[in-house]
Structure formats: structure tokens, C-alpha cells
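Note that the coordinates shown come from a computational prediction; the quantities given were computed from them, not determined experimentally. Numbered from 1 within each chain, the chains take letters A, B, ... in sequence-line order.
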Protein chains: 2
Amino acid sequence: MVGVSLRPEVTMAQRKRQLVSDELTEAALQLMAQEGFDAVTVDAIAAAAGVSKRTFFRYFASKEDVVVQFLADMGAGMHAELAARPAAEPPSTALRHAVWVAMAACADGAEHSGRALRVVQLILRTPALRARFLEHQAQWRDDLAVEAARRRGLDPEADLYPRLAAGAALVAFDTVLRRWSDSDGADDPADLTDRAFAALAPALDAD
Amino acid sequence: MVGVSLRPEVTMAQRKRQLVSDELTEAALQLMAQEGFDAVTVDAIAAAAGVSKRTFFRYFASKEDVVVQFLADMGAGMHAELAARPAAEPPSTALRHAVWVAMAACADGAEHSGRALRVVQLILRTPALRARFLEHQAQWRDDLAVEAARRRGLDPEADLYPRLAAGAALVAFDTVLRRWSDSDGADDPADLTDRAFAALAPALDAD
DNA sequence: AACTTCTTGACACCTGGTGACATCAACGAC
DNA sequence: GTCGTTGATGTCACCAGGTGTCAAGAAGTT
């Protein structure tokens, strides 16, 4: 346990928390891959991870969250990337890079293990999970819209453009993700993303 | 009851069914307007309509459905309108008319009574309802995409354009609906719709 | 009147989700 | 070393959404 004591900045309680969280996620994904989302009860997931049902809900707000939680980071990543793009860049380019942050997270995870792909397929096939996914996207859209408005010096409440542009970017993301999922990861995400934004660019970059 | 017997094509059982359904919807919307979606139980709705909880679930698949069910018709209306537009019409125009069918349903309902407006606001403010709304939209998107593909002689599975165009149209719908809702119905839906599609047209109509 | 069909209510049951409380391990202060 | 504190956990009770089942009743049929 030498390596442990060399990291005083991370308390043991925190590491244990992370461990339980991972265990829960792992158990959930494995069970759901076999039986499907609806057939797996929270009790079963908790039991498989060696904790109680009550503890599960101390880590995840809902049964859907254990599958979908990682999306929160992707949203933050997109937002941050858009904010970091040079102000002079055309909207279609900036948004393409922002969306690519999210898409790359899926594609990279898929490279080694195909785990991300299976999770995406599970989400897109399960109504309850798809609904949560769409809710996340709605949040992303709000965030991207305020950022897009800021870049152009517009009022996100008064002008239509920011929400339209953010929505269009997410439509591209959605379309690419679905194609990638339907092709079992065979199609190239980067190429798909470029083509989708090429089609949308005329509207994104119009004055 | 003379008027009744003059319509043999509509059985009494069917009319009664419609009546109970309306009563349930009415009770639900009224209660939710006062207390909010989450605070109203299915038992309370059923009791207010004079039926049992079990009967409620024979009419609606979920508590959300009693609020959101009318969306199903709007989706069918959009799809039908797109299919009915002349083939020579540019995509942006055809899609604008299709979306307007849905938007007009909201706006008309609001003209007299403001009921549609309140329902839309309830949906957009309540996460559970918004999620269901987004699921409906996802279905609309699939339907619009196959229709858009048919109009252009494309394969909806192979080409990106159909799903992109359908998605963009729904982003316009969404943006307009939200603006209309946020302005408490003050903004003109028709004008908003035109402006949104004007912004999107360059992408929709590109070759 | 007897029969059939459709609708309903009553009841039991499962599951997701939450509040309350007791317990136990880790940690710091004395 | 002991004591109090803090945080994570398990247990239990409970609520609400949702479903299966069955028996009773109204409507329409022969």
C-alpha cells in the first residue's frame, strides 16, 4: 500500500467512493447487455455490486443515470471547446470542433473494447434511456446557444440564430451518432462529422 | 336523445369512451395547472374524473401521456402535409409548411382560451413531460426523414441529408415553440416560423 | 330470457425512488 | 488510548407509477 500513501491529496474515502461507483456502473452495463434495461432491477444491480439498493440511489439519481451519467462530461466538454475556439472562426468550424469533442469521446472509447459503442447502442435502442439522452442534449443546446450568442454579440433570448445554430450542430451530432451506431462502428465518425457539417455550413455561416 | 340515434355509425360505447377520455384529460390539466405535474397523483386525477386508477391506465399508458397524447396527431399531420406538398417545391418551403401544421395547431388552440399555450408551457417546464415531448419529436424526425428522402430520391439509411433536413426542421419548430412559450404567446408564431426557416434555408436547399 | 362482449372496479403485486434512523469505520483532539 | 465527530452504509417503512387478474355489471344479440 505504499503507492497509496504517496497520494495524500486523494483521501481514502474518495477512492472508495469512486470504486463503488465504478463497480455499480460495471454491474449495471453487464447485466443490461444480457437482459436489457427494463429486465434488470436496481436491486439486482446493487446486489451484483455488493451494496444495498439504498446505496445505489446515493450514487445515481435514477436507474437511467447509471448508464447515461457520462454524458454530463461530454456536454461540458463541448461547451468548453466552443468557448475556446478563436472568435474569428466561422460558426460552422467552431461548432464542428465542439461537436467533435463529444463524438471523439465515443469513438475513442470504442477503439479499445467497443464498450462505448455498446453503451450508445443500448441508449438509442431503449426508450427510457433515449429520453434521458435527449434531455441532456436539450441542456447542451441551451449551453451552446449562449456561447454562440456571445461569440456573435447577440442576445440569446432575442435572436433566433443562437438556438438555431446550436440545435443544428446537435442535429449533426445526433445524425452522426446514429449512423455510427447503426453501422456497428464501421463508419468513420470523423468523416461523418465533416460531411454533416459541410451540409449544414451554408445556414450556420450565413449573415 | 333524438340527435344521438341519428348517428348509427358511432356506437354509444365509443362516445362514452371519448367522454371519459376527455374528462380525464380535463381533470388532469386543471389539477396540474394548480399544483404542478409531480404534485398531482394518478389517483387524484382518476377520482376527479369519477373513475378508478385502473381505468385511467386503460386510457393512457402513463401519467405523462394524458398531457402529451395530442402530440401524436401533430406528428401525423406534419408527415401528411410534407407528403402532400408538390414535388417540385424546394425542401425549405415544403418543410416550412409541414412544421407550420404543428405550430398552427398550438397557435389556434391559444387564440380562444389560451389552453394550448398553458399546456405547452407546462410541458416545457416539466422535465418528465419535456422528455416525452422529445421522444415524440424523435419519432417525427424519423417519419419526416423518410419522406424527405422519398422526395429527393435518396436512401434514408445511406444519405445524411434526409435526417439532417428533418432534424433542422424540427429544430426550427422547437425554437419557435420555445420563443412563443417564453413570450406567453405574444410573439407571432407565423412570423417566427418564417424567420427560422429563412435562416435554415441555405442548408436545406443546397444541392 | 339466455348469451356474449366490452368496460369497469377491486385487489394484489412489482419496482423505482425517498425519508428516517441506527450502525460502524476512519479521523482528529485531548 | 479514548472520546467525539464525520461520512458512508444498511434496514425499514413508505409513497407512487404501473400491470395482471378476476368478478360484476351494462349493452347488444339471438
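Of the side-chain N and O atoms in Tyr59(A), one or more sit less than 4.0 angstrom from OP1 or OP2 of dT9(D). For the pair Thr55(A) and dT9(D), the criterion of a side-chain N or O lying under 4.0 Å from OP1 or OP2 is not met.
We find that CD of Glu23(A) is positioned 17 Å from P of dA8(D), with the value rounded to whole Å. Regarding Leu19(A), its CG atom lies at a distance of 17 Å from the C1' atom of dG7(D), rounded to whole Å. Following rounding to the nearest Å, Arg15(B) (CZ) and dA27(D) (C1') show an atom-to-atom distance of 13 Å. Taking atom CG of Leu24(A) as the reference point, atom C1' of dT9(D) lies 13 Å away to the nearest angstrom.
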Annotated protein contacts, base or backbone, on nucleotides 12-23 of chain C with a non-hydrogen cut-off under 4.0 Å, one of B, S, - each: ---SBBBBB---
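Each of Gln139(A), Arg132(A), Gln137(A) was evaluated against Glu135(A); a single residue qualifies, Arg132(A), per the side-chain contact (heavy atoms from CB on, under 4.5 Å) test.
Partners of Tyr59(A) under the ring pair (Phe, Tyr, Trp, His ring centres under 6.0 Å) rule, at least two apart in sequence or in another chain, do not exist in this structure.
Classification of Arg85(B) and Glu81(B) as a salt-bridged pair holds, one side-chain N sitting under 4.0 Å from a carboxylate O. The pair Arg115(A)-Glu26(A) counts as a salt bridge, with a side-chain nitrogen and a carboxylate oxygen less than 4.0 angstrom apart. Salt bridge Arg195(A)/Asp191(A): present, at least one basic N to carboxylate O contact under 4.0 Å.
When all heavy atoms are compared, the tightest approach of Phe37(B) to Ala128(B) is CE2-CB, 4.1 Å.
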